Amino acid sequence: MSNLKPVKKENLSVRVYTEIREALINGQYEPGERLIIGELAQELGVSITPVREAIFRLISEQGLEMQAATAVYVPYVDSEKLREIQQIRFHLEGMGAAEAATKITRAQLDRLVDLQEEFIACTSSDPKRASFLNRQFHFAILEASRMPILRNTVESFWVITGPILKIFHVKTAGLDYSGGQHRHEAVLDALKARDPKAAAKAIQADLVWGGKIMIDWLVEKEKEQQALATAAHK
């Protein structure tokens, strides 16, 4: 069960939608996890109707899927879909980082430094928190780019990939970044230098590195599932 916050009565559908969407982005749910509308309504302190409306909106955005009349699940993202999303993010977040390098304020830069320090401290001990902080780091850069359409577009992909990103941080929890070798460090250096090209290259390198680990893991998982399916039919 995730830690969703109760919402006030005004604009319930929108507020419920926002809460569940944020939970997906932050990796509070895992791929394949079933969401029970009644349980969500109770957790959020609302009736079933706004929850149902929010669920159907998220289904239309591919953040959730319905496998039966009332069975709502967090979808599995296969390797091909993740590869496509990573390619799009590569270009869009590269553009955002380049723009941020010329527009970022000192306060925004200081916040990125703080986020990275906490992120490094959490990578080995709290993968869920690390996943949240990673998202905050990427979105702080997009916020600094002052390109809201770009930010919203990228955010829609995080709704789909948030659950798998949580697994990624669990899988990489044992990596030691105490020497300042994490790829976010190169992003920070480029932003501090106000270097658009270096900022774009650094964030893209981070996406390629993380994307390869996740895609390779999914490919292996898909091979295992295929082998089991083949064996079952023999």
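Predicted model only: the values in this text are computed from it and were never measured. Positions are given from 1, in the same order as the sequence printed here.
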* **Side-chain heavy atoms of Y73 within contact of L64, under 4.5 Å** => no
* Asked: Linking I/L/V/M/F/W/Y whenever any side-chain heavy atoms sit under 4.5 Å apart, do V154 and L207 land together?
  -> no
* Heavy-atom side-chain contact between C122 and L133 under 4.5 Å -> yes
* Asked: What distance separates L40 CG from R52 CZ, expressed to the nearest 0.5 Å?
  -> 12.0 Å
* Is a side-chain donor or acceptor of K103 paired with a backbone partner of S145 at a separation under 3.5 angstrom? -> yes
* Quick one: do R83 and E80 make a salt bridge, cutoff under 4.0 Å? -> yes
* **Heavy-atom donor-acceptor pair, T161 side chain to I164 backbone, under 3.5 Å** => no
* Nearest 0.5 Å, what's the CD-CD1 distance between Q62 and I59? -> 11.5 Å
* Assess whether atom CD of Q42 is packed by more than 12 heavy atoms of other residues, nucleotides or ligands within 6.0 Å. => no
* Please report the C-alpha distance between E65 and Q67 in whole Å, then the side-chain angles of each, then the deciding distance to 0.1 Å, and finally whether the side chain to side chain donor-acceptor pair (under 3.5 Å) criterion is met. => CA-CA 6 Å; E65 65 181 14; Q67 297 181 6; 3.0 Å; yes
* Structure fact -> Applying salt bridge (Lys or Arg N to Asp or Glu O under 4.0 Å) to K212 and not counting sequence neighbours gives D216
* From CZ (F137) to CG (L188), nearest 0.5 Å -> 4.0 Å
* Please check if M66 and V51 belong to a single hydrophobic cluster, counting links between Ile, Leu, Val, Met, Phe, Trp and Tyr side chain heavy atoms closer than 4.5 Å. => yes
* Just wondering, more than 12 heavy atoms not from L228 lying within 6.0 Å of its CG? -> yes
* Any chance you could measure I20, atom CD1, to L35, atom CG, to the nearest 0.5 Å? => 7.0 Å
* Flag the pair E84 and K81 as a salt bridge only when some basic side-chain nitrogen lies within less than 4.0 angstrom of an acidic carboxylate oxygen. => no
* Under the 3.5 angstrom rule, does the side chain of N152 hit a backbone N or O of P148 as a donor-acceptor pair? -> yes
* **Parallel, tilted or perpendicular, as decided by the 30° and 60° cut-offs, for the rings of W158 and H138** => tilted
* Asked: Can V72 be reached from I48 by stepping across I, L, V, M, F, W or Y side chains whose heavy atoms are under 4.5 Å apart?
  -> yes
* Inter-residue atom distance E143.CD - I141.CD1, 0.5 Å rounding -> 12.0 Å
* T105 backbone acceptor or donor facing Q108 side chain under 3.5 Å -> yes
* For E222 and S79, indicate whether the former's side chain and the latter's backbone hold a donor-acceptor pair under 3.5 Å. => yes
* R135/E22 ion pair, N-O < 4.0 Å -> yes
* Side-chain (Q204) to main-chain (F90) donor-acceptor, under 3.5 angstrom -> yes
* Asked: Between R57 and E53, does at least one N-O distance fall below 4.0 Å, as a salt bridge requires?
  -> no
* To do: Start with the C-alpha gap between K221 and E224, add the side-chain angles, then the distance that decides, and say whether salt bridge (Lys or Arg N to Asp or Glu O under 4.0 Å) holds.
  => CA-CA 5 Å; K221 185 176 180 181; E224 292 174 2; over 6 Å; no
* Asked: Can you find a pair of side-chain heavy atoms, one from H182 and one from F119, that are under 4.5 Å apart?
  -> yes
* Asked: Without hydrogens or angle criteria, can the side chains of Q225 and Y76 be said to hold a donor-acceptor pair below 3.5 Å?
  -> no
* **L82 and Q86, any side-chain heavy atoms less than 4.5 Å apart** => yes
* With the threshold set at 4.0 Å, does a side-chain nitrogen-carboxylate oxygen contact exist between R15 and E19? -> no
* Between CD1 of I104 and CG of L109, what distance do you get to the nearest 0.5 Å? -> 5.0 Å
* To do: Before accepting this row, confirm whether a basic side-chain N of the pair R146/E99 lies closer than 4.0 Å to the acidic partner's carboxylate O.
  => no
